[in-house]
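Notes follow the structure.
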Amino acid sequence: MTDSKYFTTTKKGEIFELKAELNSDKKEKKKEAVKKVIASMTVGKDVSALFPDVVNCMQTDNLELKKLVYLYLMNYAKSQPDMAIMAVNTFVKDCEDPNPLIRALAVRTMGCIRVDKITEYLCEPLRKCLKDEDPYVRKTAAVCVAKLHDINAQLVEDQGFLDTLKDLISDSNPMVVANAVAALSEIAESHPSSNLLDLNPQSINKLLTALNECTEWGQIFILDCLANYMPKDDREAQSICERVTPRLSHANSAVVLSAVKVLMKFMEMLSKDLDYYGTLLKKLAPPLVTLLSAEPELQYVALRNINLIVQKRPEILKHEMKVFFVKYNDPIYVKLEKLDIMIRLASQANIAQVLAELKEYATEVDVDFVRKAVRAIGRCAIKVEQSAERCVSTLLDLIQTKVNYVVQEAIVVIKDIFRKYPNKYESVIATLCENLDSLDEPEARAAMIWIVGEYAERIDNADELLESFLEGFHDESTQVQLQLLTAIVKLFLKKPTETQELVQQVLSLATQDSDNPDLRDRGYIYWRLLSTDPVAAKEVVLAEKPLISEETDLIEPTLLDELICYIGTLASVYHKPPSAFVEGGRGVVHKSLPPRTASSESTESPETAPAGAPSGDQPDVIPAQGDLLGDLLNLDLGPPVSGPPLAASTVQMGAVDLLGGGLDSLIGDTNFGAPPAAVTTATATARLGAPISSGLSDLFDLTSGVGTLSGSYVAPKAVWLPAIKAKGLEISGTFTRQVGSISMDLQLTNKALQVMTDFAIQFNRNSFGLAPAAPLQVHAPLSPNQTVELSLPLNTVGSVMKMEPLNNLQVAVKNNIDVFYFSTLYPLHVLFVEDGKMDRQMFLATWKDIPNENEAQFQIRDCPLNTEAASNKLQSSNIFTVAKRSVEGQDMLYQSLKLTNGIWVLAELRIQPGNPSLTLSLKCRAPEVSQHVYQAYETILKN
């Protein structure tokens, strides 16, 4: 009779009867009663009232009964902690039982009872079991330490169990070693900072020895542990690889994937020239192929992992294309994954085979699969140039089938082929136009509209075709509306006389009748471009397009390296790092591949620069022309310019030479006792600064006694670029001036999920020639949620162009993810130089010489400062008091300041004691700067 009888009882007073049976003297009756209790517990009945009676049954030699009682105990100990203490004595006793199975059972149950009150009583029995003579007991005790650590980590550390676990790694029994490694790995995952698995060549050797003899799950624990080890050189890496390679032929797919992970990681350290490297590549292919003969679910996991491996090292499986061909009975998720890998492995050698296969797939019945197959043909054309013509003819054959969804996918991919190979396959446009009426999906309609707009000059009835789309403009999706707007503008620029009405119609539909902001904005931009400057419109709209790249869906390299370290785990199936889907802090340690050794640098590795190449040559930040930040595109991201900015002095700013010394003419006309030539030379030197090569400290002649050790007012950091606009990079900053040096103080915060590296910065041309004096130095990769603060030295020898407003600075910042643009306003007082104090007589003469219409007057309100405090505050920011006098109870301060480009600004500051409002009069040859100088005054005095 089976155990099902225990589940079929409808008697009343069941608990009472069970209680009586549990206290029976007959052993057999007792066992039956415990089985009934466990059955009731299994179906969800509350039998906790029987706790003391069940615990009494622990005192038995019968192993089966003991197991059942322990099972009950694990379930109810948490809800009955006081009762559970009754069982402690039995545990202690069972841990000394002559039967190792009972000792192991006791220690296993102890680890599963998650009750704080009991834990301390269990330490002594656990200590004995960790040193037990029987390996079965030791291996069970090792796992118990990890469970106990989860309940009370401090207790485990105080009792010295972690040291005992480390000693078990040297145990003679391979299963004990495997469990000790598993327990330490588990504990280390929840405490990433603790260096528990302190691996060295000796312990690695012991693990590799145990690897051959322990069970399959033990092997997985050991292999995962090996994957976290960093060999000291390529010889040690090769030695470990040689000893791990036999695991590739294991029957358990988890062992195979763990072995692949170790080999993929350590291959980074091997030189590609080694014979062994080639042998290893050959050995990796068969086990991966074997995984594909398992059941579909395992195949899918294997394929997701192979997808990562193929992206990292395509050479491993380059000859195995056939195993990824789809079988008729594969589930759709396996088919789609195989298709993806086929495209990644496609090359000139196997493209004919792949195309024949893909063409076959395109006639299948599964719609999703057919779509993906048609798209795959297009991706092959873009990836393997030699096959493009065959791919296009294959796509045309598929269009002739007139199957709706096939035609639509084909048109979408042909658009991409046109982008990759311009002026090659446009002869097929006529065939595409025949199928215009059958398109009902937004992506296909948008692709077709793009083709008609882009090649309008080759299509006789392009205007009619686009007009047919325009009839239902408001019913179209946004994607189609945007394409239609751009296509009709392109058509108008190519055939202006015939399409004027059409373009007006689409512009009014987009701007007046639409409530979509994207569409409206694009409509207004085109409208203004066309109405103000048709030539510029033609250059913008019909600009040459950059070619599209072949692999758009590759995983970003740093993320790929991290995922390779997680082969055989969920991360490798999701293709996301654990931090993206694991809640809380457990187990989220960022892993990365070991650095390649010098000997293993591959020829195509970007890190190897030719010996003679200058290290400062960084790639251009900006990828293409035609961006809103126009001139940023022409700047170089190399090291700062060296040499004086001679050309800059000729740049005009309105009618005034912003770079000229405003007092040159004046100095020539008035005689202050110095020879005119000497004064002019001195002014010129001050204007140009010392040669740049002598460093920023010499930009201003601080040794002449004019400069003072000043620390001008520094505004608090503001967010210049929010993370939402820069794919997770947040930039805050401010500008400072210290001892003649201008700096941009930056704070970079990574709010993305991936590491950021390769930072660079450049400025657009600006009113005062501000430019970075050194590259942007971020010394270590910026990890997620990390913030770094740095100071970027600036100089004023960059290209000059008058900006609106004058102190506007447009900045581009590049990193490994993208290029980001922002603009900020710098406070003008960082440009006030240290030698800006004018001689009194010169001040008077200059004041008279500057026309009265150049004088501007401002009020500074709510500023209750006395004359001396105001003068001191301003002097710390290089605004110097030349003279002071009192008139009718008002204090007058006469002040001068000089900008980095040689412009002098003269000021009169009126302060009336007791009145918090100050009056500021400014005179300057370049009146454009007065407003900004007033703002600087207000900022300095109020802070």
Side-chain angles (χ1 to χ4, degrees), residues 296 299-300 303-304 306-307 310 321 324-346 351 353-384 387-388 390-421 425 428-429 431-452 469 476-480 483 548-555 575:
Q299 274 188 55
Y300 179 71
L303 287 164
R304 291 295 279 176
I306 288 169
N307 200 326
V310 164
M321 177 64 89
F324 299 106
F325 285 175
V326 172
K327 299 191 180 99
Y328 76 95
N329 58 350
D330 279 339
I332 182 68
Y333 55 88
V334 171
K335 284 180 175 176
L336 295 177
E337 208 54 44
K338 281 184 173 179
L339 206 52
D340 206 30
I341 295 169
M342 278 170 68
I343 300 159
R344 295 202 195 288
L345 290 175
I351 194 73
Q353 219 179 358
V354 173
L355 273 180
E357 194 71 14
L358 291 175
K359 191 172 180 183
E360 200 62 39
Y361 298 161
T363 58
E364 287 264 346
V365 287
D366 193 318
V367 176
D368 285 337
F369 180 53
V370 171
R371 284 174 182 282
K372 190 103 185 227
V374 175
R375 204 159 279 213
I377 295 172
R379 276 175 65 187
C380 287
I382 290 165
K383 188 176 178 188
V384 185
S387 73
R390 289 177 73 164
C391 291
V392 172
S393 65
T394 306
L395 288 168
L396 286 176
D397 291 348
L398 291 172
I399 289 174
Q400 297 308 333
T401 62
K402 301 287 183 197
V403 177
N404 190 302
Y405 53 86
V406 175
V407 172
Q408 308 210 54
E409 282 298 330
I411 286 174
V412 172
V413 294
I414 285 176
K415 181 198 88 170
D416 290 340
I417 293 172
F418 285 169
R419 281 287 303 275
K420 176 75 174 171
Y421 309 111
Y425 303 108
V428 307
I429 292 174
T431 317
L432 302 183
C433 292
E434 290 167 16
N435 294 282
L436 210 70
D437 302 335
S438 63
L439 306 181
D440 51 18
E441 286 169 19
E443 201 180 354
R445 287 172 79 82
M448 193 63 224
I449 291 167
W450 181 87
I451 291 168
V452 174
F469 282 106
E476 299 284 6
S477 70
T478 309
Q479 184 185 8
V480 177
Q483 276 298 2
I548 60 172
S549 69
E550 46 195 66
E551 294 281 7
T552 49
D553 58 344
L554 285 175
I555 294 174
H575 287 188

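If you're wondering where the values come from, they're calculated on a predicted model, not measured in any experiment.
- The shortest side-chain heavy-atom distance between I429 and F418 falls under the 4.5 Å cut-off.
- Taking the side-chain contact (heavy atoms from CB on, under 4.5 Å) definition, one finds that R445 meets it with L439, F469, E476, V480, sequence neighbours left out.
- Shown here are the salt bridge (charged side-chain N to carboxylate O under 4.0 Å, His left out) partners of E357, two or more places apart in sequence or in another chain: there are none.
- Scored by the side-chain contact (heavy atoms from CB on, under 4.5 Å) test, Q400 finds T431 as partners (sequence neighbours excluded).
- Residues meeting the side chain to side chain donor-acceptor pair (under 3.5 Å) test with Y300, sequence neighbours left out: none.
- For residues 394-413, the set of pairs meeting the ring pair (Phe, Tyr, Trp, His ring centres under 6.0 Å) definition, not counting sequence neighbours, is empty.
- Residue V334 comes nearest to P296 through the heavy atom pair CG2-O, 3.8 Å, listed as atom of the first residue, atom of the second, then distance.
- Ion pairing between R344 and D340 holds under the 4.0 Å rule for side-chain N and carboxylate O.
- Across all non-hydrogen atoms, the minimal contact from A373 to L339 is N-CD2, 3.6 Å.
- Taking every heavy atom of both residues into account, H575 and I555 meet most closely at ND1-CD1, 3.8 Å.
- For K359, the side chain to side chain donor-acceptor pair (under 3.5 Å) partners at least two apart in sequence or on another chain are D397.
- Taken to the nearest 0.5 Å, the CD1 atom of I411 stands 5.5 Å off from the CD1 atom of I399.
- E360 pairs by the salt bridge (charged side-chain N to carboxylate O under 4.0 Å, His left out) definition with nothing, not counting sequence neighbours.
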Exercise for review: Any chance you could lay out the side-chain contact (heavy atoms from CB on, under 4.5 Å) test for L395 and I417, step after step, and finish with the verdict?
Suggested key: CA-CA 11 Å; L395 288 168; I417 293 172; 3.7 Å; yes

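- Atom CD of Q299 and atom OH of Y333 lie 8.5 Å apart (nearest 0.5 Å).
- At distances below 3.5 Å, not a single donor-acceptor pair connects side-chain atoms of Y361 with backbone N or O atoms of R371.
- To the nearest 0.5 Å, atom CD1 of residue I343 and atom CD1 of residue I382 are 10.5 Å apart.
- What you find for V406 and T401 is that their closest heavy atoms are CG1-OG1, 4.3 Å.
- Under the side chain to side chain donor-acceptor pair (under 3.5 Å) criterion, N404 pairs with Q408, not counting sequence neighbours.
- Within the model, atoms CZ of F325 and CE of M342 stand 5.0 Å from one another, a figure rounded to the nearest 0.5 Å.
- For V384, the side-chain contact (heavy atoms from CB on, under 4.5 Å) partners two or more places apart in sequence, or in a different chain, are Q348, I351, Q386, S387.
- Every residue meeting the side chain to side chain donor-acceptor pair (under 3.5 Å) condition with R375, not counting sequence neighbours, appears here in chain and number order: E409, E443.
- Minimum interatomic distance between Q479 and A446 (heavy atoms only, all atoms of both residues): CG-CB, 4.0 Å.
- For E364 against K335, the heavy-atom pair with the smallest separation is OE1-NZ, 4.0 Å.
- Not counting sequence neighbours, the partners of K338 by the salt bridge (charged side-chain N to carboxylate O under 4.0 Å, His left out) test are D330.
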Exercise for review: Begin with the C-alpha distance, continue with both residues' side-chain angles, and end with the deciding distance and a verdict on side-chain contact (heavy atoms from CB on, under 4.5 Å) for I414 and L432.
Suggested key: CA-CA 9 Å; I414 285 176; L432 302 183; 3.8 Å; yes

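- In this structure the side chain of I377 reaches within 4.5 angstrom of the side chain of L398, judged on heavy atoms.
- Separating the CG atom in N307 from the CD1 atom in I341 is a distance of 5.0 Å, to the nearest 0.5 Å.
- Not counting sequence neighbours, S393 has no partner by the side-chain contact (heavy atoms from CB on, under 4.5 Å) test.
- Considering only heavy atoms from C-beta on, R390 stays 4.5 Å or farther from C380 through its side chain.
- Taking CE of M321 as the start and CD of Q353 as the end, the distance is 7.5 Å to the nearest 0.5 Å.
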